[in-house]
Protein chains: 2
Amino acid sequence: MGGPAPKMVSDAESAPVFAKPPVTLREVAAAAGVSVATASKALNGQGRMTAETRERIRETARILGFRPNHLAQSLLRKRSFTVGLLTNDTYGRFSLPLMAGVSDALVDNGVSVFLCNVEDDHRLGQLHVEAMLDKRVDGIIATGKRIDRHLPVDLSNLRIPVVYAFTQPDPGAVGLVSDDAGGARLAVEHFRRLGRRRIAHVSGPASFEVVNTRADAYRAALQENNLPVSEPLLGAWSEGWGHEAVARLFGGGEERPDAVFCGNDQIARGVIDALRERGIAVPDDVGVIGFDNWEIVAEATRPPLTSVDMNLAALGREAGLALLSLVGGQPAAPGIRKLPCRLVVRQSCGSPPG
Amino acid sequence: MGGPAPKMVSDAESAPVFAKPPVTLREVAAAAGVSVATASKALNGQGRMTAETRERIRETARILGFRPNHLAQSLLRKRSFTVGLLTNDTYGRFSLPLMAGVSDALVDNGVSVFLCNVEDDHRLGQLHVEAMLDKRVDGIIATGKRIDRHLPVDLSNLRIPVVYAFTQPDPGAVGLVSDDAGGARLAVEHFRRLGRRRIAHVSGPASFEVVNTRADAYRAALQENNLPVSEPLLGAWSEGWGHEAVARLFGGGEERPDAVFCGNDQIARGVIDALRERGIAVPDDVGVIGFDNWEIVAEATRPPLTSVDMNLAALGREAGLALLSLVGGQPAAPGIRKLPCRLVVRQSCGSPPG
DNA sequence: GCGGGTTGGGAAAAGGTTTTCTCAAGTAGA
DNA sequence: TCTACTTGAGAAAACCTTTTCCCAACCCGC
C-alpha cells in the first residue's frame with residue numbers, strides 16, 4: 001500500500017482502448033477545412049478540385065487514420081461486399097478446401113464471407129439464411145458434403161444470387177461440381193500407360209451418385225482401351241471395406257487384378273494394407289489409385305498413395321468468382337459446370353515398365 | 001418463329017427476382033397509416049400506443065414481409081452483431097470443430113461470423129483485419145493450429161475486444177486453450193484403472209509446447225501412482241514415427257510396456273499397426289490411447305482407438321461467449337483459461353481385469 | 001369551465017457516407 | 001463591359017432505423 005503508485009502509461013496507450021470512436025469523414029473534412037462532400041470526393045477520386053486540395057485532404061485522412069465506415073457505405077450503395085457461405089459439412093473434409101478457395105477469390109475483391117454451418121437442421125438453416133438476408137449479403141454460396149443432396153434450406157426464391165458448389169443445385173441455378181467421370185478416366189488412363197491391364201474398381205455405396213458416375217466412366221474407359229471390364233465392387237467409404245474387397249478380389253482362384261482404382265483414399269488405404277498383409281507387393285504386383293487426395297491419408301499409406309484430386313480449392317475459387325459476376329449483374333449461364341480433376345502421382349502405381 | 005409464344009409466368013414469380021428492393025419500414029408505416037416512428041416502436045415493443053394500433057402495424061409488417069435492415073440498425077447502434085474469426089488452420093483439423101462451436105454460440109445471439117483464413121501470411125492477415133475493422137465487427141476471435149504460436153497478425157491495440165482460442169494470446173488478453181496436462185492425466189489414470197503398469201509415452205516434436213506439457217503431466221501422474229516412469233519418446237506427429245517408436249520400445253530385450261499413450265491419433269495408429277505386425281495383441285498385450293480423438297482415424301484403427309478429446313467445439317463455444325460478454329462491456333478476467341479434455345473410450349485398451 | 005396529468009402518436013435528429021444539384025468566382029471571347 | 005463557359009467547392013438529399021423530444025387531445029377533479 002505504501003509503495004509508489006505504478007508508473008502510468010500514457011493515456012493513449014493504456015487500458016480499454018475500446019469505445020474510442022473511429023475517425024469519421026466529418027472530422028477529416030473539418031481538419032482539412034473543407035466540406036464532407038469535398039472530402040468524400042477527394043478520397044474517392046471523384047469530383048473536381050485542385051490537385052492541391054485533393055492531396056491535402058488525403059494527407060489529413062492518412063494522418064488521422066481515417067477508414068470509411070462500410071456500414072454507411074453499404075447502406076447507401078445497397079451492396080454490402082459480404083456474402084454468405086452455407087455448408088452442412090463443417091467437420092468434413094470437402095468444404096474446407098472449398099471454403100478456402102471461395103474466401104480466397106472474394107478477399108481479393110474486398111468481399112468478406114459469413115460462414116454458416118447448418119448441419120442438417122432445417123430450422124437452423126432457415127435461421128441462418130434469414131440472418132444473412134437481414135445483414136444484406138450480396139449473395140450466397142451453398143456447399144455441402146455430397147453433390148446429390150440438397151442443403152436443408154430453400155434458396156430458390158431469394159432476391160439475391162446463389163451459387164451452388166459441391167452440393168445439389170436448384171433447377172435453373174448455377175452449380176459447380178468436380179468432373180468425377182473425368183477423374184475416373186484419369187485413373188484408368190494412368191494405369192493403362194503403366195501397362196496394367198486387369199484394373200478393378202472398389203468404391204462406396206451405390207446410393208451416392210458419384211459412385212455410379214465414376215463406375216460408368218471406369219467401364220467406358222476400359223472398353224475404349226480394349227481392357228477387360230470387371231464389375232465394380234460397391235460397398236462403403238471405409239478402410240474396412242477396402243480390406244473386404246481385397247479378400248474378394250484376391251481370395252478366389254480367378255485371375256487377379258494388377259491394379260485397383262478406389263473410390264476414396266480410405267478405401268485405398270484399406271486395400272493397400274490388406275494387400276500387404278497378403279504378401280502382395282504394391283506397386284510391384286498391384287497398383288493402387290485413390291480418390292480425393294486427402295493428403296494426410298495419401299501420404300501415410302505405405303507406399304504413399306497416388307490419388308485423384310478434385311481440385312476443391314479451385315472449385316471454390318470458381319464459385320466465388322461466379323457469384324461475384326452474378327452480383328455484378330452479369331447473367332451467368334445456369335446449369336451445372338464440371339471442373340476437371342487432376343491426378344497426384346505418388347508411389348502406389350510404380351513406374352512404366354522398362 | 002410462328003409457334004405460340006412460351007407461356008408467360010406471372011411477373012412476380014419470374015426471372016431475376018434480384019433487385020426487387022426489400023420492404024422498408026417507411027412502406028410498412030405508410031401501409032398501416034402511421035409514421036415511421038410509430039411503426040418502429042410498434043415493432044420493437046417500445047413507446048406507447050393502443051394495443052390495436054400496435055397489432056395492426058405488426059400485422060402489416062408481417063404481410064409485407066418486412067425485415068429490418070441490419071445495416072441501418074448497426075450504423076445507429078454502433079454494433080454490427082458481427083464478429084471476425086481469424087485462423088491460419090483452414091485446412092487443418094483443429095479450427096473446424098472450434099469454428100463450429102464459435103458459430104454455434106454466436107448464432108443463438110444473432111451474431112454472424114466472418115471467416116478469415118490468413119494462412120501464415122502477414123500481409124494477408126493485415127488485410128483481413130482491416131477489412132473486418134472497416135466492416136465494424138464487434139470483436140475478433142483468433143484461432144490457430146498450435147497454442148504456442150502467434151497468428152501472423154497484430155491484434156494487440158485494436159479498439160475492439162479480442163479473444164484467443166487455441167492459439168497464443170497476447171499478454172493481458174483473454175485466451176482459451178485445452179487442458180493438455182489434464183488430458184494426459186486422464187489417459188494415465190485410465191490405464192492405471194485397467195491395471196496397466198508399464199505405460200510408455202510416444203509424442204510429437206519437442207518443439208511443440210503441448211508435447212512438453214503432456215510429457216510432464218504424464219511423468220507426474222505416473223509418479224503419483226507409484227508407477228515406473230520411462231522417458232517419453234519424442235519424434236514426429238506421424239504414423240511413421242509410431243512404427244519407429246514401437247521398434248524402439250519393443251525391439252530390445254528390456255521390459256516391454258503394457259500400455260502406450262500417444263501424442264496424437266496418427267502416432268497411435270502407427271503404433272497399433274506396428275504392434276499388430278509384430279504379433280502383439282491390442283488391447284490384450286498392450287493398451288493404446290491416442291490424443292485428439294480424430295474420429296475418422298480413431299474409428300478406422302483396428303481395434304478402434306480410445307483417445308483424449310480436447311473438446312474443441314466446447315472451447316469454441318466458450319470463446320464465443322467470452323467475446324460476447326466482452327462486447328457487452330463485461331470486463332473478462334484476462335489470462336489463459338484451460339478447458340478440460342475428456343476421454344473417449346473405444347476398444348484399444350480392453351476392459352478392467354476380472 | 002378550467003388547470004394539471006395522461007395518452008397516443010408524430011416530427012426530427014442522428015448515424016456516416018455518397019451523389020446530385022447549386023452557386024460563386026474566374027476565364028475567355030466579343 | 002458584357003456574356004457564356006468552366007472550375008472548384010459546398011448544401012442537401014438519400015440510404016433506413018431508432019430515439020428523443022414534443023404536441024394535441026382527452027380525462028379527471030374542482
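All chains are named by letter (A, B, ...) in the order of the sequence lines, taking the proteins before the strands, and each is independently numbered beginning at 1.
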Original post:
With a non-hydrogen cut-off below 4.0 angstrom, is Ser40(A) in contact with a base, only sugar-phosphate, or nothing?
Top reply: base

**OP:** Give the rounded distance in Å between these two atoms: CG of Leu75(B) and P of dT19(D).
**Re:** 13 Å

**OP:** Return yes if some donor-acceptor pair links the side-chain N/O of Arg54(B) with the main-chain N/O of Gln46(B) below 3.5 Å, else return no.
**Re:** yes

**OP:** Could you check Phe66(A) against Arg54(B) and say which one's nearest nucleotide on DNA chain C is further toward the 5' end?
**Re:** Arg54(B)

Subject >> Any Thr167(A) side-chain heavy atom under 4.5 Å of His150(A) side chain >> reply: no

Original post:
If only atom types and distance count, is the side chain of Asp154(A) paired as donor or acceptor with the main-chain N or O of Ser156(A) below 3.5 Å?
Top reply: yes

Original post:
In whole angstrom, what separates Met49(A)'s CE from dT6(D)'s C1'?
Top reply: 16 Å

Close N or O pairs between protein and nucleotides 10-14 of chain D (under 3.5 Å):
residue	atom	partner	partner atom	Å
dG10(D)	OP2	Ser35(A)	N	3.0
dG10(D)	OP2	Ser35(A)	OG	3.2
dG10(D)	OP2	Thr38(A)	OG1	2.5
dG10(D)	O6	Lys41(A)	NZ	2.9

Original post:
Does a side-chain N or O from Thr53(A) land closer than 4.0 Å to OP1 or OP2 of dA9(D), or not?
Top reply: yes

Subject >> Residues Lys135(A) and Ser112(B): side-chain donor-acceptor under 3.5 angstrom >> reply: yes

Original post:
Rounded to whole angstroms, how far apart are CG on Asn44(B) and P on dT20(D)?
Top reply: 13 Å

Original post:
Honestly, is Arg79(B) close enough over Phe81(B), meaning NZ or CZ under 6.0 Å from the six-membered ring centre and within 45° of the axis?
Top reply: yes

**OP:** Could you check how far CZ of Arg79(B) sits from C1' of dT17(D), rounded to whole Å?
**Re:** 17 Å

Tabulate atom names and distances for all N/O pairs under 3.5 angstrom spanning the protein and nucleotides 22-25 of chain D.
none

Original post:
Looking for any heavy atom pair under 4.0 Å, which part of the strands does Ser74(A) touch: base, sugar-phosphate only, or nothing?
Top reply: nothing

Original post:
Does a donor on one side chain sit under 3.5 Å from an acceptor on the other, for Lys145(B) and Ser95(B)?
Top reply: no

**OP:** Taking only Lys NZ, Arg NE, NH1 and NH2, and the carboxylate oxygens of Asp or Glu, determine whether Arg77(A) and Asp138(A) approach each other closer than 4.0 Å.
**Re:** no

Original post:
For the pair made of CZ in Arg77(B) and P in dC16(D), what is the distance, rounded to whole Å?
Top reply: 17 Å

Original post:
Got Val107(A) and His128(B) here, is their nearest side-chain heavy-atom distance under 4.5 Å?
Top reply: yes

**OP:** Could you tell me which non-hydrogen atom of Gln73(A) sits nearest to which non-hydrogen atom of Pro68(A), and how far apart they are?
**Re:** NE2-CB, 3.5 Å

**OP:** Check every nucleotide of DNA chain C for an atom under 4.0 Å from a heavy-atom of chain A, then give the first and the last such nucleotide from 5' to 3'.
**Re:** dG16(C) to dT20(C)

Subject >> Closest non-hydrogen atom pair, Phe66(A) against Val23(A) >> reply: CD1-O, 3.4 Å

Subject >> Electrostatic pair Arg62(B)-Glu59(B), nearest N-O below 4.0 angstrom >> reply: yes

Subject >> Integer-rounded Å distance: dT18(D) P and Gln46(B) CD >> reply: 9 Å

